Protein chains: 2
Amino acid sequence: MSKPAARTRLADAAFALFDEFGYEQTTVDDIAERAGVGRTTFFRHYRSKEDVIFPDHDRLLVLIRERLATSSHSTALVAVSDAVRLVLLHYLDEGDLARRRYALTSKVAALRDREIASVARYQRLFREFIAEWMGDPTESASLRAELMAAAVVAAHNHVLRRWLRGESSDPIAEVDDAMREVLALFPASQSFGETGGGGTTVVAFRTEQDLEVLLPSLRRLIEGGAEQ
Amino acid sequence: MSKPAARTRLADAAFALFDEFGYEQTTVDDIAERAGVGRTTFFRHYRSKEDVIFPDHDRLLVLIRERLATSSHSTALVAVSDAVRLVLLHYLDEGDLARRRYALTSKVAALRDREIASVARYQRLFREFIAEWMGDPTESASLRAELMAAAVVAAHNHVLRRWLRGESSDPIAEVDDAMREVLALFPASQSFGETGGGGTTVVAFRTEQDLEVLLPSLRRLIEGGAEQ
DNA sequence: CGGAAGATGGTACTGAGTACCGTCGAATCG
DNA sequence: CGATTCGACGGTACTCAGTACCATCTTCCG
């Protein structure tokens, strides 16, 4: 048991030192020394100093790509909403580790940037998936794909950050709510590659808003339902 | 005229070398040498090698903050949509320089990450502005603020990238369209901090969608208009 | 036993970024 | 006009992340 995988010891040492002295004050040499290995070994296990903290973004990215590839959902947005859950679940699995990472990324700008860059890769994946799924090369469809991907990621981040801050006791339920909210943002027709021959519906409601203000969104709803 | 501001010469030298040899192959020494200054002078003008390429994100951020602070728009979302135009206009002003930067960020992951991190700062600013503007500390309002900020930024990025790729001849018109699209996404009532005592309105329309699919967004509209 | 593969540790190097110091020139003041 | 001061500059030396290379040691298998 003296060698429970050098990789693990390195991660433990890193987090301990980061907590105690801060990220920038800790050198890779320090980490390797505390882990009882050479400096070379550190870089053999982690590509960079930042990598100790974000070890499996790459793996997650692949996981999501597979999930999307094999997904059979009615709309692209639903498929993506489902896939993003993987990310949240991964963080939840990490438990306390994720929170320690959050404490670090909150303090160190370089780490925050790194995290943001990772999330952007998810978002890009989603955008491409949605765009491809819609199979509509028009500029307007491309914009919608971009908006959808951004919304899904934003909703996920919102829930995740709440949980990381200890403000949420049931993040799973919250992410479901949030995803419903996102789904509601985009009239379903926009998520369909082709409109299924659905039944017509008439809806009426009251609002205190001026008609003027509501008009654009209503037009969207109607146009989205009738055409495209 | 031998010294047209060392800063400018450094930027010119940097871009020239990046174009010719690539970003990673070019060292700060190379840049300083071609600019005819010492290495120290480089770091006096630019905090880092990356900074030569992104010189005024900080300035832009301040500009936007001021614009938001003095903005007098009917809704937070409109104010933010307006502010984000500043960013687009800034890029347009840069003209060819912005395109050269885009060519670099497309090739070099580190630069792309840096750009993304900058954009995330805008987004954060927007999110905080919207949240504060709404003055509603509930979780649901916070999520909406997050979604709105993400949508505005996504729309901006979409138009900007199109222009950078030379796919757009009139990015101003496009960004206006895109922002209208974003506005339409969010029922206006959600953008109001308090409901002005407007007149009630009844609206009816037809759609091919199932009632089921539309229900969440309709409920949002109604609840948003009547309460909140 | 012998050899091959893999993990490890050490050394040396490149390059970014920082700290410090001495110098030069221009503006300013007596 | 001369002295001073202030700011920009250049150079040196340092830290540290990341890379390359090599020597060693273990383990496993024939």
Side-chain angles (χ1 to χ4, degrees), chain A residues 1-18 20-55 57-58 101 104-105 107-115 117-118, chain B residues 1-18 20-55 57-58 101 104-105 107-115 117-118:
Chain A
M1 61 147 279
S2 59
K3 303 280 171 189
R7 188 181 167 86
T8 314
R9 282 210 319 275
L10 279 166
D12 289 345
F15 271 93
L17 289 168
F18 292 162
E20 187 169 0
F21 302 106
Y23 177 79
E24 275 128 345
Q25 278 61 46
T26 304
T27 73
V28 173
D29 282 294
D30 296 337
I31 301 170
E33 190 185 349
R34 168 166 309 204
V37 300
R39 202 177 99 93
T40 313
T41 301
F42 176 92
F43 284 108
R44 218 167 259 130
H45 287 283
Y46 299 99
R47 275 176 302 201
S48 71
K49 187 178 166 187
E50 292 174 358
D51 247 43
V52 195
I53 309 182
F54 309 101
H57 264 302
D58 288 351
R101 184 191 303 122
L104 284 173
T105 54
K107 285 195 177 77
V108 184
L111 298 180
R112 185 169 41 243
D113 290 355
R114 163 70 181 259
E115 173 103 66
S118 297
Chain B
M1 58 146 281
S2 61
K3 303 281 170 190
R7 187 181 167 84
T8 313
R9 282 208 320 276
L10 279 167
D12 288 345
F15 271 93
L17 289 168
F18 292 163
E20 188 168 0
F21 303 106
Y23 177 79
E24 276 129 347
Q25 278 61 45
T26 304
T27 74
V28 172
D29 282 294
D30 296 336
I31 301 171
E33 190 185 349
R34 168 166 307 205
V37 300
R39 203 177 99 96
T40 313
T41 301
F42 176 92
F43 285 107
R44 219 168 256 128
H45 287 283
Y46 299 99
R47 276 175 300 202
S48 72
K49 187 178 167 187
E50 293 175 357
D51 247 44
V52 196
I53 309 182
F54 310 100
H57 265 303
D58 288 351
R101 184 191 303 123
L104 285 173
T105 53
K107 285 196 178 77
V108 185
L111 298 179
R112 186 170 40 242
D113 290 354
R114 164 71 181 261
E115 174 102 66
S118 297

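Not measured: the values here are computed from a predicted model. Chain A is the first sequence line, chain B the second, and so forth, proteins listed ahead of strands; every chain is numbered from 1.
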Apply salt bridge (charged side-chain N to carboxylate O under 4.0 Å, His left out) to R34(B) and E20(B), showing your working.
CA-CA 13 Å; R34(B) 168 166 307 205; E20(B) 188 168 0; 3.7 Å; yes
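The distance between atom CD1 of I31(B) and atom P of dG17(C), rounded to the nearest whole Å, is 10 Å. Look at CG on D29(B): it is 12 Å from C1' on dG17(C), rounded to the nearest Å. Between F43(A) atom CZ and dT8(C) atom P the separation is 15 Å, expressed in whole Å. The interatomic distance linking E33(A) (CD) with dC16(D) (P) rounds to 13 Å, in whole Å. The separation between R47(B) atom CZ and dT18(C) atom P is 10 Å, rounded to whole Å.
Of the side-chain N and O atoms in H45(B), none sit less than 4.0 angstrom from OP1 or OP2 of dA8(D). The side chain of T41(B) places an N or O atom within less than 4.0 Å of a non-bridging phosphate oxygen (OP1 or OP2) of dG10(D).
Between F42(A) and F42(B), it is F42(B) whose nearest contact on DNA chain D lies nearer the 5' terminus. Along DNA chain C, the nucleotide nearest R39(A) and the nucleotide nearest V28(B) are compared for position; the residue whose nucleotide lies closer to the 5' end is R39(A).
Residues meeting the ring pair (Phe, Tyr, Trp, His ring centres under 6.0 Å) test with F43(A), sequence neighbours left out: none.
Under 3.5 Å, the side chain of R44(B) and the base of dG7(D) form no donor-acceptor pair of N or O atoms.
Using modelled atom types, one side-chain atom of R7(A) and one backbone atom of H45(A) make a donor-acceptor pair closer than 3.5 Å.
Considering only side-chain atoms of T27(A), the nucleotide from dT8(C), dC16(D), dA20(D) that sits closest is dC16(D).
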